[in-house]
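As the structure is a prediction and not an experimental result, all values here were calculated from the model. Side chains are part of it too, since the values below use all heavy atoms of this structure and drop only hydrogens, waters and symmetry mates.
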Amino acid sequence: MSEFIKVATLSEVPPGQGRTVEYLGEKVGLYNCSGQIYAIDDVCGHMGANLAEGSLDDKVITCPWHGWKYDVTTGVCSDDPSVKQRCFQVKVEGSDILISKGS
């Protein structure tokens with residue numbers, strides 16, 4: 001059974017925005033896409049930028065350094081589909097956002 005850990009509240013991740021959180025010593029990007037929360041590795045597979053500092057358009061986060069684009073629902077990079085960010089399971093309980101290691 002997966003252990004879920006609280007990493008943020010809904011008010012900390014407004015719709016259309018991303019935020020970097022720490023989960024068991026790792027940087028994870030949380031994204032609020034029209035009320036649905038997604039979580040993927042926050043370190044860009046290209047050069048290591050924090051993805052959550054980029055711009056979120058629908059369900060695609062654009063890296064702030066070199067413009068690589070990732071689908072926050074799958075972690076797949078549209079610029080190089082062989083690059084995939086790890087995804088985390090997300091659970092919302094009340095206003096708390098909890099995550100667990102996923103695929």
message: To the closest 0.5 Å, what do you measure between CG (L98) and NZ (K91)?
response: 6.5 Å
message: Give me the atom names and distance for the closest heavy-atom approach of C63 to A49.
response: SG-CB, 3.6 Å
- prompt: Just wondering, do V72 and C33 contact through their side chains at under 4.5 Å, heavy atoms?
  reply: yes
task: Would you name the heavy atoms of A52 and T20 that are closest together and state the gap between them?
output: CB-OG1, 3.4 Å
message: To the nearest 0.5 Å, what is the distance between NZ on K27 and CD on E22?
response: 8.0 Å
message: Checking D71 now: which residues fulfil salt bridge (Lys or Arg N to Asp or Glu O under 4.0 Å) with it, not counting sequence neighbours?
response: none
task: Say whether, by atom type as modelled, one donor and one acceptor occur between the side chain of N32 and the main chain of V13 under 3.5 angstrom.
output: yes
message: What's the separation between atom OH in Y31 and atom CD in Q17, rounded to the nearest 0.5 Å?
response: 11.5 Å
message: How long is the straight-line distance from CD1 of I61 back to CG of L56, given to the nearest 0.5 Å?
response: 5.0 Å
message: Would the distance check show the side chain of Y70 and the main-chain N or O of G45 forming a donor-acceptor pair, the cut-off being under 3.5 Å?
response: yes
field: Side-chain donor or acceptor of Q85 paired with backbone N/O of D41 under 3.5 Å
entry: yes
message: Minimum heavy-atom separation for R19 and E12, please, with both atom names.
response: CD-O, 3.5 Å
message: Working note: I99 + L30, criterion side chain to side chain contact (heavy atoms under 4.5 Å, CB included); need CA distance, chi angles, decisive distance, verdict.
response: CA-CA 9 Å; I99 62 172; L30 295 180; 4.1 Å; yes
task: Using only heavy-atom distances, determine whether the side chains of S78 and K69 contain a donor-acceptor pair under 3.5 Å.
output: no
message: Quick check on the hydrophobic clustering: are L24 and V21 connected, directly or via other members, by side-chain heavy-atom contacts under 4.5 Å?
response: yes
- line: Value for CG (D42) from CD (E26), rounded to nearest 0.5 Å, stands at 11.0 Å
message: Assess, by modelled atom type and distance only, whether the side chains of D96 and T9 contain a donor and an acceptor separated by less than 3.5 Å.
response: no
statement: OH (Y23) and NZ (K6) are apart, to the nearest 0.5 Å, by 15.5 Å
query: Hey, quick one: are I97 and I5 part of the same hydrophobic cluster, counting side-chain heavy atoms closer than 4.5 Å, chains of contacts allowed?
result: yes
V43/L51 under side chain to side chain contact (heavy atoms under 4.5 Å, CB included): CA gap, chis, key distance, verdict: CA-CA 6 Å; V43 180; L51 290 173; over 6 Å; no
- request: Please report the shortest heavy-atom distance between W68 and C44, naming the atom on each side.
  value: CB-SG, 4.4 Å
- prompt: Would S100 and F88 satisfy side chain to side chain contact (heavy atoms under 4.5 Å, CB included), going step by step from the backbone distance to the final call?
  reply: CA-CA 6 Å; S100 177; F88 294 81; over 6 Å; no
query: Which pair of non-hydrogen atoms, one from G94 and one from L10, has the smallest distance, and what is that distance?
result: O-CD1, 3.8 Å
field: D80 side chain to S82 backbone, donor-acceptor under 3.5 Å
entry: yes
message: To check you understand the geometry: which heavy-atom pair defines the closest contact between C87 and I40, and what is its length?
response: SG-CG2, 3.9 Å
